[in-house]
Amino acid sequence: MYTIKDQFFSGCFVKGIDKNFKFSLGNSSEKKFNLSISNNGTKIGEWIVANDYTNIEIPAKNSTANLKFVLKEPITPETSLYLFQVKTTEYKLYYKAMIVSLILSLLILILNYGKVRQKSFLLFVSFFLICYSLFYISFANSSVPFIGDEPHYMILSESLIEDFDLEINNQSQTDKPSLLFRDFRDHGISKNGIEYSIHYPFLALFISPAFANQQGIIKPVPVLTAKVLITIAFSAFFALILMIVLSEIRSKFESLIIVSAIFGMPYIAYSSQIFPEVLISILLFVSFYSLYENKFGRFKTYIPIVLIIFPFLHIKFLGVSVILILYWVYIFRNEKTKLIFGTTVYALGLIVFIFYNQFIFGSISPYQSRDFLVSDLVGRYTGYLFDTDRGLFALNPLLLFSFIEIARLFRKNIIRSIFPLTLIFAGHLPNLFHTIFWLGSCPVGRYWIAVYPIIAYYSFLGIKLTFDYIRERRSNEWEKYGWNFLIGLLTCLSLLQTWTFINMPDNYYTHFDHRFIMCEFLFSKTGIDLKFLYYSFFVNGTEIRLILWYLLLLVFIIIGFRIEKFYRSNRDIRLIK
């Protein structure tokens with residue numbers, strides 16, 4: 001679906017093996033419009049767009065067409081026009097295949113879980129197929145637009161695969177039929193008559209297969225293909241996370257809580273989004289987990305090569321890569337050959353990155369002093385944490401359990417706790433200083449995405465530790481009821497945010513005008529008003545509610561300290577015996 005906001009609009013459309021292009025124009029006003037359509041400069045015909053829906057079929061030999069639409073009457077503010085393209089045959093077949101894949105994968109996993117669990121590869125494949133099918137079905141039916149930086153990464157990707165260069169002069173031509181409704185203003189930099197993208201190239205390189213076979217008879221849809229590539233990476237990562245956490249869960253109730261935390265907001269909103277934070281979140285967590293938990297032995301050796309990718313996704317992740325390489329050096333300090341190899345490779349990667357910045361931007365960084373905002377940092381960061389529509393812990397209160405594990409670890413081994421905490425801060429704090437507070441038009445919580453898996457992993461450890469503590473301490477019934485109530489409440493609030501996003505995804509974009517989205521959605525469906533619980537950065541008078549959230553955060557920190565004290569006492573008793 002495309003919202004028509006101009007009297008003149010155009011785009012490249014794909015019909016695949018179908019005979020005709022099929023469109024439907026929705027008109028919610030009583031006003032009639034006269035519409036003419038041209039295909040590559042040749043007028044096809046005229047239609048009257050009346051109230052309700054007007055169906056249009058356009059025969060064409062090629063699988064793609066660069067169509068231009070002209071309304072004789074101007075669009076007025078009270079007018080709402082929408083353009084729908086009927087799904088292609090290939091799309092429908094692929095969608096049905098995903099439904100079949102989801103059903104079969106679930107059946108195989110449920111009926112043969114014992115056998116599948118014994119073979120890690122089969123378990124990974126099962127989880128991957130389930131995750132990919134779910135994510136694809138979700139975003140395929142979503143009204144979330146192609147927006148923000150996504151088109152700009154697409155245009156750079158198009159240049160890489162078609163011209164094998166970084167110059168986007170010809171890709172910037174609006175009549176080039178490759179992307180839908182392209183608008184690429186203000187995201188390029190001109191140097192000696194050549195236009196370069198201000199965005200870094202690795203994400204564009206990753207999605208470049210989306211532009212393969214554009215000269216063929218049947219052309220893939222670049223936007224859809226790019227989102228599928230992101231979804232494949234996202235699904236593989238989720239399958240890996242599930243294998244890590246589910247092996248340590250003792251009950252079905254625990255699995256429900258933990259999976260809700262890992263699959264919660266805002267991370268779930270990025271399952272198909274073309275943003276660098278998505279790939280960074282995967283690379284960062286796998287590198288962290290490999291080093292911190294001593295996993296993936298072979299991969300651990302080659303982490304310096306992976307870290308070179310970080311700044312080429314975005315310069316703000318250079319700091320995270322430096323922290324990781326320093327920890328890697330510490331781990332391999334006694335292995336001279338690997339140490340020399342790794343540090344040399346990483347140093348050469350940094351040199352290449354510096355030369356890239358000098359070549360494209362004429363400096364070591366594309367940012368200047370005017371690109372940083374340092375006013376009201378405390379208020380902005382509070383919004384990052386607790387704003388009802390965009391704050392991390394308001395969107396997913398289950399993540400507060402991460403403070404139990406972090407506090408426990410801090411008390412048990414302060415040195416070991418510094419590494420993950422440093423990664424979390426270095427991974428999201430650079431966004432705080434961005435002049436555009438919410439990072440432009442993108443889903444909520446983009447500033448947390450890079451470090452979300454680490455926080456979710458610590459939430460998993462915190463939840464697991466809490467359940468173990470309840471069992472081992474042999475808590476009385478009232479204490480168990482209290483824990484279950486708190487866990488259940490936070491789980492419900494987290495699931496409500498996810499449920500609201502699935503039903504109203506377009507409202508979770510940062511340019512929306514709504515406030516208290518989840519609360520309003522819940523109130524409209526059930527009559528239950530939860531606004532009294534939440535703080536909004538945009539609504540005056542709600543600041544007092546921050547006391548509740550900060551107290552809740554403090555409660556989890558205290559719980560973490562108490563749990564570590566309990567286990568330390570048990571360890572001391574065992575040592576005495």
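Just so you know, these numbers use all the heavy atoms, side chains as well, and skip hydrogens, waters and symmetry mates. Throughout, residue positions are numbered sequentially from 1 according to the sequence presented.
Ring pair Phe460/Tyr457 is tilted by interplanar angle, where 30° to 60° counts as tilted.
Open room surrounds CZ on Arg562; 12 or fewer heavy atoms of other groups in view lie less than 6.0 Å from it. Summarising the local packing, CG of Leu377 is surrounded by more than 12 heavy atoms from other residues, nucleotides or ligands at distances under 6.0 Å. Heavy atoms of other residues, nucleotides or ligands lying less than 6.0 angstrom from CZ of Phe361 number more than 12. For Tyr381, the OH atom counts as densely surrounded, since its 6.0 Å shell holds more than 12 non-hydrogen atoms of other residues, nucleotides or ligands.
With hydrogens and angles ignored, the 3.5 Å screen pairs no side-chain donor or acceptor of Ser290 with any backbone N or O of Ser287. Put simply, the side chain of Ser101 never gets that close to the backbone of Ala97: no donor and acceptor are under 3.5 Å apart. Judged purely by atom type and a 3.5 angstrom limit, Lys295 has no side-chain atom pairing as donor or acceptor with the backbone of Val286. Side chain of Ser157 to main chain of Ala204: a donor-acceptor pair is present (N/O by atom type, distance under 3.5 Å, no hydrogens or angles). Between the side chain of Trp448 and the main chain of Tyr384, a donor-acceptor pair closer than 3.5 Å is present. Using modelled atom types, no side-chain atom of His434 and backbone atom of Pro430 make a donor-acceptor pair closer than 3.5 Å. A donor-acceptor pair is defined here as one N or O able to donate and one able to accept, closer than 3.5 Å; such a pair exists between the side chain of Arg380 and the backbone of Leu432. No side-chain donor-acceptor contact under 3.5 Å links Ser159 to the backbone of Leu156. Under the 3.5 Å distance criterion, the side-chain polar atoms of Trp328 are matched with a main-chain donor or acceptor of Lys300. Checking side-chain atoms of Ser105 against main-chain N and O of Ser126 turns up no donor-acceptor pair under 3.5 Å.
Residues Gln497 and Tyr508 bring a donor and an acceptor atom of their side chains to less than 3.5 Å of each other. Checked by atom type, the side-chain pair Ser321/Tyr346 shows a donor-acceptor distance below 3.5 Å. With no hydrogens or angles considered, no side-chain donor-acceptor pair links Tyr270 and Ser281 at under 3.5 Å.
Note: Tyr153 OH to Leu205 CG = 13.0 Å, rounded to the nearest 0.5 Å. A distance of 13.5 Å separates CE in Met265 from CG in Leu398, rounded to the nearest 0.5 Å. Note that the CG atom of Leu400 and the CG atom of Leu552 stand 5.0 Å from one another [nearest 0.5 Å]. Atom CZ in Phe206 sits 5.0 Å away from atom CG in Leu279 (nearest 0.5 Å). The structure places NE2 of His428 at 7.0 Å from CD1 of Ile455, a figure rounded to the nearest 0.5 Å.
Between Leu385 and Leu392, every side-chain heavy-atom pair lies at or beyond the 4.5 Å cut-off. Annotation: side chain of Phe341 is not in contact with side chain of Thr337 (no heavy-atom distance under 4.5 Å). Proximity of Val444 to Asp387: side-chain heavy atoms (C-beta onward) are nowhere separated by under 4.5 Å. Considering only heavy atoms from C-beta on, Pro453 comes within 4.5 Å of Phe237 through its side chain. At least one side-chain heavy atom of Tyr356 sits under 4.5 Å from a side-chain heavy atom of Leu166. For the pair Phe310/Leu318, no side-chain contact is recorded, criterion being any heavy-atom separation below 4.5 Å from C-beta on. A heavy-atom distance below 4.5 Å is found between the side chains of Ile130 and Leu106. Within the 4.5 Å cutoff, the side chain of Val278 has no heavy atoms near those of the Leu203 side chain.
With a 6.0 Å cutoff to the six-membered ring centre and a 45° limit on the axis angle, Lys227 does not count as a cation-pi contact of Phe135. For the pair Arg416 and Tyr292, the cation sits on the ring face: its NZ or CZ lies under 6.0 Å from the ring centre, inside 45° of the axis.
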Ring pair (Phe, Tyr, Trp, His ring centres under 6.0 Å) between Phe312 and Phe353, worked out: CA-CA 7 Å; Phe312 281 103; Phe353 180 70; 5.2 Å; yes
Step-by-step ring pair (Phe, Tyr, Trp, His ring centres under 6.0 Å) determination, Phe317 to Tyr200: CA-CA 12 Å; Phe317 301 120; Tyr200 285 94; over 10 Å; no
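Among Tyr458, Phe393, Phe556, the single residue meeting the ring pair (Phe, Tyr, Trp, His ring centres under 6.0 Å) criterion with Phe403 is Phe393. A ring pair (Phe, Tyr, Trp, His ring centres under 6.0 Å) with Phe419 is found for exactly one of Tyr330, Tyr327, Phe410, namely Tyr327. No option in Tyr132, Tyr136, Tyr267 other than Tyr267 meets the ring pair (Phe, Tyr, Trp, His ring centres under 6.0 Å) test with Phe234.
Between Glu277 and Arg446, at least one side-chain N (NZ, or NE/NH1/NH2) sits under 4.0 Å from a carboxylate O, which counts as a salt bridge.
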